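In what follows, every chain begins at residue 1, and chains take the letters A, B, ... in the order their sequences are listed. Only heavy atoms go into these numbers, but all of them, side chains included; no hydrogens, no water, no symmetry mates. No experiment lies behind these values; they were computed from the predicted model shown.
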2 protein chains.
Amino acid sequence: MTSERDVTARAQIRNCALRLFGERGPDAVTVRDIAACAGVSPGLVLHHFGSKQGLRDAVDAHVMTLFDEMLAGAIEDPDAFASGEPQVVKGFAELFASQVPQDSPIPPYLRRLLLSGDPVGRTLFRQWFELSLTAMDAMGAGGNVRFTPDRDAMAAFLMVNDLAMILLHDHIADAIGTDPLTQEGMQRWAAVAFDVYLNGAFTKEDS
Amino acid sequence: MTSERDVTARAQIRNCALRLFGERGPDAVTVRDIAACAGVSPGLVLHHFGSKQGLRDAVDAHVMTLFDEMLAGAIEDPDAFASGEPQVVKGFAELFASQVPQDSPIPPYLRRLLLSGDPVGRTLFRQWFELSLTAMDAMGAGGNVRFTPDRDAMAAFLMVNDLAMILLHDHIADAIGTDPLTQEGMQRWAAVAFDVYLNGAFTKEDS
DNA sequence: CAACATACTGAACAGATGTTCAATGCGCAA
DNA sequence: TTGCGCATTGAACATCTGTTCAGTATGTTG
């Protein structure tokens, strides 16, 4: 009897919570809001998830699963890793642009996850940072990335630059007039990033 | 009769709201929380600011004023702008590290401002972006920054990389083991940024 | 058919929250 | 002193919110 799609009411509730939590923040969303969005009674939300906190945990777990699948799919993809291309540039940002639909609730939720200070976000960042380290090492072994004395800081720098595009993407779209999470916007952004990472941003007056 | 410092109760309330809003988000902070933090009664909060929304607006306005002063001071400072040094690198991030105390409530609040999607954050970003554009132009005229076909995207890229360090600074501190908003952490971070912006991050195999 | 498990509803409740308001204290001018 | 204006309090109120629960429907198993 679900109106929208052929998904269980439980999944419907979880999806609504994911979207609303991302848009307004969990504290500004009531159980009744979620129930109304999912077209069910408030009681059913608690019936399936025990409590609002339980629902938050379930949404967190679901998002982590989605990310895991996304990364796993990307790693298995022969075109993505271990090729001759510089991988940190077309890292998370391009992965997002290719895998995540236009109006996906994931980016807003990711924003909250990384900036709310909760342990789930910390775990996620840590996980991605480890991945960035190994990716950079692989690129270094392939001769694509310069040697640097501060390996950790360099990996963090490149990764954070990448993440920033996702976190600030609305502002960037406002500023440069193109949404960097669309295909063409990503090309424009990647062009600049590639240029800087290849040639730097400053002139060398001494060379 | 204020216990903490020699500030008016009104300012005390505003400061507490700023700190608590930044830490937990406005929706998770009650009027009673703020009153307790400021050592006053809940009624006084509403007496001074009309409503909770009024207090939020007042905090926003206060933060905007602080940023204006910070930027105005930096622009007037002969050592900061219009020198021969590359300015976008030691832009907002270093400005923050030098002007903002260790446990300042500003960074957490700035995070919420930029990522909550409200118009104040949008204004702030826009404002800083315009500043970045003029700064980059000045550097270009001075011969410090390379010519680039996509001026807007380049300025946005450099600025966003800088902002990211502030937004993600807890995560970065976790990952690399040094807080990039301290003096030594900033030096480490700036070293990497300077290196990349001067020499790039990739090797050129064709040169 | 009967018994049961499960999905689901909607009313009800206790506590929290934003807000109002009458009352109090206090400094200051007349 | 008297009176006025402002800061401040704390109780009270209406509403909202998370949660509980008794009850209904439906499909499944014996």
Side-chain angles (χ1 to χ4, degrees), chain A residues 1-63 105 109 112-113 116 118-120, chain B residues 1-63 109 112-113 116 118 120:
Chain A
M1 205 60 80
T2 53
S3 57
E4 292 228 355
R5 291 179 213 153
D6 188 19
V7 288
T8 67
R10 195 188 139 93
Q12 187 77 260
I13 292 170
R14 182 172 35 65
N15 289 343
C16 276
L18 169 58
R19 165 159 269 119
L20 292 177
F21 284 169
E23 285 174 1
R24 310 183 209 163
D27 293 314
V29 176
T30 72
V31 174
R32 287 168 178 82
D33 288 338
I34 300 167
C37 162
V40 300
S41 73
L44 190 61
V45 176
L46 283 304
H47 168 72
H48 278 303
F49 297 95
S51 66
K52 188 184 182 182
Q53 184 58 47
L55 176 55
R56 292 183 58 165
D57 295 342
V59 171
D60 280 343
H62 181 236
V63 170
Y109 196 84
R112 311 235 174 231
L113 217 46
S116 65
D118 81 32
V120 179
Chain B
M1 205 58 82
T2 54
S3 57
E4 294 227 356
R5 291 180 213 154
D6 188 20
V7 289
T8 66
R10 194 189 139 93
Q12 187 77 261
I13 292 169
R14 183 172 35 65
N15 290 342
C16 276
L18 169 58
R19 164 159 271 120
L20 292 177
F21 284 169
E23 285 173 2
R24 310 183 210 164
D27 294 313
V29 177
T30 72
V31 173
R32 286 168 179 81
D33 288 338
I34 299 167
C37 162
V40 301
S41 73
L44 191 61
V45 177
L46 282 304
H47 169 72
H48 278 304
F49 297 95
S51 66
K52 189 183 183 183
Q53 184 58 46
L55 176 56
R56 293 183 57 164
D57 295 342
V59 172
D60 280 343
H62 182 235
V63 170
Y109 195 85
R112 310 233 174 233
L113 216 45
S116 65
D118 81 31
V120 179

Q) Which pairs pass side chain to side chain donor-acceptor pair (under 3.5 Å) with one or both residues in residues 32-49 of chain B, sequence neighbours excluded? A)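 Every pair satisfying side chain to side chain donor-acceptor pair (under 3.5 Å) with a residue in residues 32-49 of chain B: B/Arg24-B/Asp33, B/Thr30-B/Asp33.
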To the nearest Å, how far apart are [X] [atom1] and [N] [atom2]?
{"X": "A/His48", "N": "D/dT20", "atom1": "NE2", "atom2": "C1'", "answer": "17 Å"}
{"X": "B/Ile34", "N": "C/dT17", "atom1": "CD1", "atom2": "P", "answer": "11 Å"}
{"X": "B/Leu46", "N": "D/dT8", "atom1": "CG", "atom2": "P", "answer": "14 Å"}
{"X": "A/His47", "N": "C/dA7", "atom1": "NE2", "atom2": "C1'", "answer": "5 Å"}
{"X": "A/Asp27", "N": "C/dT17", "atom1": "CG", "atom2": "P", "answer": "11 Å"}
{"X": "B/Phe49", "N": "D/dT8", "atom1": "CZ", "atom2": "C1'", "answer": "14 Å"}
{"X": "A/Arg32", "N": "C/dA11", "atom1": "CZ", "atom2": "C1'", "answer": "11 Å"}
{"X": "B/Leu44", "N": "D/dG10", "atom1": "CG", "atom2": "C1'", "answer": "12 Å"}

Which listed nucleotide ([options]) is nearest to the side chain of [X]?
{"X": "A/Ala9", "options": "C/dC8, D/dG18, C/dT9", "value": "C/dC8"}
{"X": "B/Val31", "options": "D/dT9, D/dG18, C/dT19", "value": "C/dT19"}
{"X": "A/Lys52", "options": "D/dT19, C/dT9, C/dT17", "value": "D/dT19"}

Q | Criterion side-chain contact (heavy atoms from CB on, under 4.5 Å) against A/Leu18, the qualifying member of A/Ile34, A/Val59, A/Asp60, A/Leu55 | A |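 For A/Leu18, the side-chain contact (heavy atoms from CB on, under 4.5 Å) check succeeds only for A/Val59.
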Q: Determine the contact category for A/Val45: base if any of its heavy atoms lies under 4.0 Å from a base atom, sugar-phosphate if only primed atoms, P, OP1 or OP2 are that close, otherwise nothing.
A: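 Nothing, no nucleic acid heavy atom in range.
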Q. Is there a donor-acceptor pair closer than 3.5 Å between any side-chain N or O of B/Arg19 and the backbone N or O of B/Tyr109?
A.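 Not a single qualifying donor-acceptor pair exists.
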Q) Taking A/Arg112 for the side chain and A/Glu23 for the main chain, is one N or O donor matched with an acceptor at less than 3.5 Å? A)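 Yes; at least one donor-acceptor contact below 3.5 Å.
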Q | Position toward the 5' end of DNA chain D (nearest nucleotide), A/Gly50 or A/Asp33 | A |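 Comparing both residues, the 5'-ward one is A/Asp33.
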